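Each ligand, and each atom within it, is numbered from 1 in the order the structure gives. As the structure is a computational prediction, the values presented were derived from the model and not from experiment.
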Amino acid sequence: MSETVQFEEFEVSQVTGFAAEFVDSLPDYYSPWHELASHTVDLVTAQKMRSETEKLPLLDPSQLTDFKDLRLAHLQLVMITAGYAWEQGAEQVAQAIPANVAIPLCEISDKLGVQPGMSYFDIIGNWTRRDKHGPYSRQNIQPKYMLPGGEDYVGFLSLAIQMEVYFTKSFPAIQSILTAMKGKDEALALSALKDLQSWFKEYSSLAKEFHNVMQPDIFFRVITSFLRGFNETCGLPDGMLYEGVTDRPRRIVINSAASQATVFQIMDTLLGVRYPEDKQAFFKKLRTSWCEKHRQLFEMIQQWPGSLRDLAEKNSSPELTLAYNALVDSIKEFRSYHVQLVTKYTVIPNKRLRNEFNIESPDHFAYLMPLLKGIRDVSATNKLEV
Ligand code: HEM
């Protein structure tokens with residue numbers, strides 16, 4: 001095992017992190033996927049998505065071998081899949097994806113080790129820079145394929161990308177922490193923790209911008225309409241049927257959300273947070289939305305020799321313990337802020353919708369607050385005695 005991890009070995013860019021920027025398109029042979037993905041929102045509005053999808057030729061994805069090409073093809077096919085599934089709204093979700101989409105999508109998904117539906121992995125690959133030589137600033141980021149939600153979606157996406165790109169600024173500190181853990185190097189651990197703490201402060205303050213870019217009801221009612229997944233919460237308890245895919249015809253797909261970002265699971269793992277089984281299971285389920293390469297990177301960090309927590313607990317001066325605790329506190333602060341975000345953008349709009357339509361069926365979001373507050377509180381108990 002080397003002294004630290006190399007992110008690029010796991011298809012994580014030093015520039016855009018876990019997000020991927022697609023500058024090129026796929027070979028011409030695959031242009032029907034691009035064409036249909038580009039028009040998904042308009043076709044759904046015109047109720048023509050299903051009929052147009054059924055006209056697609058069945059293309060052989062075996063020419064695609066490069067990770068980035070596979071990721072772009074996956075994005076195009078899950079766009080088409082989402083439009084097909086949700087064209088008639090949530091109440092009339094399609095029960096099956098036709099073979100001309102299902103066969104290549106499942107093959108590509110299996111190669112990437114990712115689910116055959118839209119996840120955060122696709123959201124953070126769905127963008128380009130307006131000015132290709134310009135910065136990775138929010139103003140310079142635009143969706144590659146539009147999702148429902150108009151300008152609010154553009155704001156949501158560009159902020160999510162800005163946060164993913166900003167994640168890369170923490171990579172040197174993460175690498176140093178791993179080196180310090182392995183070599184029990186207290187001085188290196190201290191300086192890396194301080195760097196990580198100041199990075200995290202900036203990173204988490206970006207999330208405050210959500211209030212300026214997105215309206216709660218548009219987020220809840222429109223933007224998430226393609227992001228629901230195919231599972232029991234969407235009237236598909238056995239998952240979606242992928243026609244023509246003989247080995248696993250039905251597949252469960254979890255919804256797509258920022259909870260699937262890698263950043264917090266990596267932070268928790270570095271800090272050695274020990275969650276009870278139900279919360280571990282929640283995080284494990286989120287990881288099913290990651291591709292295999294990203295899971296491998298995470299597992300490498302999880303199995304890394306040494307423990308930052310032990311180093312911070314058993315060191316000779318309190319400075320390292322204080323730095324460790326400061327990061328635990330900052331993460332707790334973010335999680336408290338996140339509870340407010342989720343209240344504004346999910347809990348309240350959900351209540352409004354249920355009241356408006358007199359919905360009396362069980363509330364799928366009742367689990368949210370206990371779960372999120374529970375995770376926050378467990379992660380905060382990780383603080384060490386000084
Ligand atoms: C308006 C913005 C946001 C909304 C509405 C929102 C919504 C949610 C929801 C509903 C969950 C519950 C689990 C799920 O359904 O997937 C969740 C969990 C989570 N979200 Fe967000 N989220 C937002 C922004 C963010 C941002 C910016 C991040 C940072 C990357 C983030 C990171 C997480 C994490 C890590 C979890 C898992 C619980 C935890 O580790 O504390 N969310 N979020």
Quiz item: In terms of heavy-atom contacts, does CD of Q14 have more than 12 from other residues, nucleotides or ligands at under 6.0 Å?
Solution: yes
The protein heavy atom nearest to atom 27 (C) of ligand 1 is F210 CE1, 3.4 Å
Logged contact type for L371 with ligand 1, heavy-atom cut-off 4.0 Å, is neither
Test item, Y337 contacting ligand 1 (heavy atom, 4.0 angstrom): no
Atoms of ligand 1 under 4.0 Å from any heavy atom of I375, numbered from 1 in the order shown, are 38 (C), 39 (C), 40 (O), 41 (O)
Would you say the side-chain atoms of Q197 and S330 include a donor-acceptor pair closer than 3.5 Å? yes
Closer than 4.0 angstrom: is that true for some heavy atom of F283 and an atom of ligand 1? yes
A student checking ligand 1 against F264 at a 4.0 Å heavy-atom cut-off should list atoms 29 (C), 30 (C), 35 (C)
Taking every heavy atom of K373 against every heavy atom of V339, the minimum-distance pair comes out as CE-CG1, 4.0 Å
Closest to atom 34 (C) of ligand 1 (heavy atoms only, candidates G229, P349, S256, S259) is S259
Worksheet item: Is it true that the NZ or CZ of R71 lies under 6.0 Å from the centre of F121's six-membered ring and within 45 degrees of the ring axis?
Response: yes
Any heavy atom of F219 under 4.0 Å from ligand 1? The part involved is side chain
Result for salt bridge (Lys or Arg N to Asp or Glu O under 4.0 Å) between D268 and one of R376, K332, R335 points to R335
With side chains defined as the heavy atoms from C-beta onward, is the minimum distance between L384 and R309 less than 4.5 Å? yes
Per-atom filter on ligand 1: closer than 4.0 angstrom to a heavy atom of A257 are 16 (O)
With heavy atoms and a 4.0 Å threshold, my read on which part of F282 contacts ligand 1 is side chain
Mark the output for Y367 as yes if a heavy-atom distance to ligand 1 is under 4.0 Å, and as no if none is.
yes
Counting from 1 in the order shown, the ligand 1 atoms closer than 4.0 Å to a non-hydrogen atom of R335 are 39 (C), 40 (O), 41 (O)
closest protein heavy atom to atom 26 (C) of ligand 1 is A258 CB, 3.9 Å
**OP:** Test ring-ring contact (aromatic ring centres under 6.0 Å, His included) on F365 and F220 and set out the steps.
**Re:** CA-CA 12 Å; F365 291 100; F220 188 73; 5.5 Å; yes
Legend entry - Pair K169 + E202, salt bridge at N-O below 4.0 Å: no
Exercise. Would you say the side chain of V378 lies within less than 4.5 Å of the side chain of R274, judging by non-hydrogen atoms?
Worked result: no
Margin query: Between S170 and Y203, is there a side-chain heavy-atom distance shorter than 4.5 Å?
Written below: no
The protein heavy atom nearest to atom 8 (C) of ligand 1 is V342 CG2, 3.6 Å
Among T346, L341, V273, L368, the residue with a heavy atom nearest to atom 11 (C) of ligand 1 is L368
Tell me whether M214 reaches ligand 1 (any heavy atom closer than 4.0 angstrom to a ligand atom). yes
When K144, R129, K132 are each screened for salt bridge (Lys or Arg N to Asp or Glu O under 4.0 Å) with E21, the one that passes is R129
Does the N or O separation between H338 and ligand 1 drop below 3.5 Å for any pair?
yes
Under 4.0 Å between heavy atoms, the region of K344 that gets near ligand 1 turns out to be neither
*Can a cation-pi geometry be assigned to K208 and Y337, taking NZ or CZ under 6.0 Å from the six-membered ring centre and within 45° of the ring axis?*
yes
So the atoms of ligand 1 within less than 4.0 Å of a heavy atom of Y203 turn out to be 29 (C), 30 (C)
